[in-house]
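Heads up, the thing below is written out as structure tokens.
Residue numbers run from 1 in the order of the sequence given. Excluded from the calculations below are hydrogen atoms, water molecules and symmetry mates; all remaining heavy atoms, backbone and side chain alike, are included. First listed ligand is number 1; within each ligand, the first listed atom is number 1. Worth saying up front: this structure is predicted, and the values here are computed from it rather than measured.
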Amino acid sequence: MAPINANDINDAKNFVPAKQVLPEVETDNGNGKASSKGYSYETLQETANFLLSRISEIPSIGVICGSGMGSLAEIIKEAVRIPYEDIPNFPVSTVEGHHGQLVFGNIGDVAVVAMQGRFHYYEGYPLWKCCLPVRVMKLIGVKTLIATNAAGGLNPTYKIGDVMIVRDHINMMGFAGNNPLHGPNDERFGPRFPPMSKAYNYEFRKIAKEVAQELNMENIIREGVYTCLGGPNFETVAELNMLKMVGVDAVGMSTVHEVITARHCDMNVFALSLITNECVTSYADDAGEANHEEVLDVGRMRQDILRKYVSVLIDRFSKIETNP
Ligand SMILES: O=P(O)(O)O[C@@H]1C[C@H](O)[C@@H](CO)O1
């Protein structure tokens, strides 16, 4: 290495750093329709208008199907299926177990729309884009969001195949500043500082517990706290033990940002986690390892009961007037 001389030191002293420019984050549309922080209200209205032109009844309830839970959308009657790639401004699904289409139609007497396939941060989508369908649902008239997900059970009393009603969440990604509402706020969607203390509708949770009893599901129904991590790797033992200490019952890679987006635009929210695996909290040699195949298998194993449960919930939720 060349020795440092006095001129180098003077050069260093005289060095004027270039004006610091913050990176334009999340610009990925290439067609001038997105700001650096998301699509404009007008652009999403365009998407909503496209969908409204394809359907005959406005859905009041929107369902997001979790990993391995896409068959929930198969109970929809008179279904109109619209692949994501046909929808202006929509992302596409890239994860196994997520079909990639919107399904409009009826469950019982209730007009619904289901996302058969959701978008995850680890697929490379910024959080605002993962949640774009929630805003589109709002713009087409959806009042209630039911988000479902597959999750690892961290609460030691949970078993594989249990169904957890989400009472609350911990926004771990938000602690690091990653939030779907990051960036300029458009008041037409909602306020700059939305409250989250009543994120998961109390009436819906009460009904969900009653319905679980009616359907003899009380031995598999739980209620607890969900957290979302960015993924795509499953968690380390130390990470899981930390989450356990702060009160997390189930761990996943979705839902939290969708719920924040839905509450921001004043939708009522209900969420369910299907416990697809036990989180590994010990270093024992015989402790298993999480894997996506198991997640999908448990989704299939529970598909009948979940279809029944969700269809009764949709019927009951549609019959009540509720505010969060
Ligand atoms: O879409 P969800 O949250 O149900 O999917 C979970 C989290 C990961 O995407 C995947 C891991 O198996 O399942």
Check your understanding: Taking everything shown except Glu42 itself, do over 12 heavy atoms lie less than 6.0 Å from its CD?
Key -> yes

Exercise for review: Select one of side chain, backbone, both or neither to describe which atoms of Met69 lie under 4.0 Å from any atom of ligand 1, heavy atoms only.
Suggested key: neither

Please write down residue, atom name and distance for the protein heavy atom closest to [atom].
atom	value
atom 7 (C) of ligand 1	Met253 CB, 3.7 Å
atom 1 (O) of ligand 1	His120 NE2, 2.7 Å
atom 12 (O) of ligand 1	His292 ND1, 2.6 Å
atom 3 (O) of ligand 1	Ser254 OG, 2.6 Å

Numbered atoms of ligand 1 (with element) below 4.0 Å of [X], judged on heavy atoms:
X	answer
Tyr122	8 (C), 9 (O)
Gly66	4 (O)
Val295	12 (O), 13 (O)
Arg118	1 (O), 2 (P), 3 (O), 4 (O)

**Study point:** Side-chain ion pair, Lys308 and Asp304, N-O less than 4.0 Å
**Key:** no

Practice item. Verify whether one side chain among Thr43 and Asn89 offers a donor that lies under 3.5 Å from an acceptor in the other. Key: no

Practice item. For the residue pair Gln213 and Glu218, confirm or rule out a side-chain donor-acceptor distance under 3.5 Å. Key: no

Exercise for review: Output, in order, the C-alpha distance, side-chain angles, deciding distance and verdict of ring pair (Phe, Tyr, Trp, His ring centres under 6.0 Å) for Tyr84 and Phe119.
Suggested key: CA-CA 11 Å; Tyr84 293 161; Phe119 308 110; 5.2 Å; yes

Check your understanding: Is there any N or O on Asn149 that sits under 3.5 Å from an N or O of ligand 1?
Key -> no

Check your understanding: If you measure every N/O of Ala150 against every N/O of ligand 1, is any gap under 3.5 Å?
Key -> yes

Point to revise | Contacts of type side-chain hydrogen bond (donor to acceptor under 3.5 Å, both in side chains), residue Arg300, not counting sequence neighbours | key: Asp297

Review point. Looking only at heavy atoms, what is the nearest atom pair of Leu102 and Leu51, with distance?
Key: CD1-CD1, 3.8 Å

Review point. Where do Ala147 and Thr255 come nearest, in terms of heavy atoms and distance?
Key: CB-CG2, 4.0 Å

Exercise for review: Between Ala147, Cys228, Ser67, flag the one that comes closest to atom 13 (O) of ligand 1 by a heavy atom.
Suggested key: Ser67

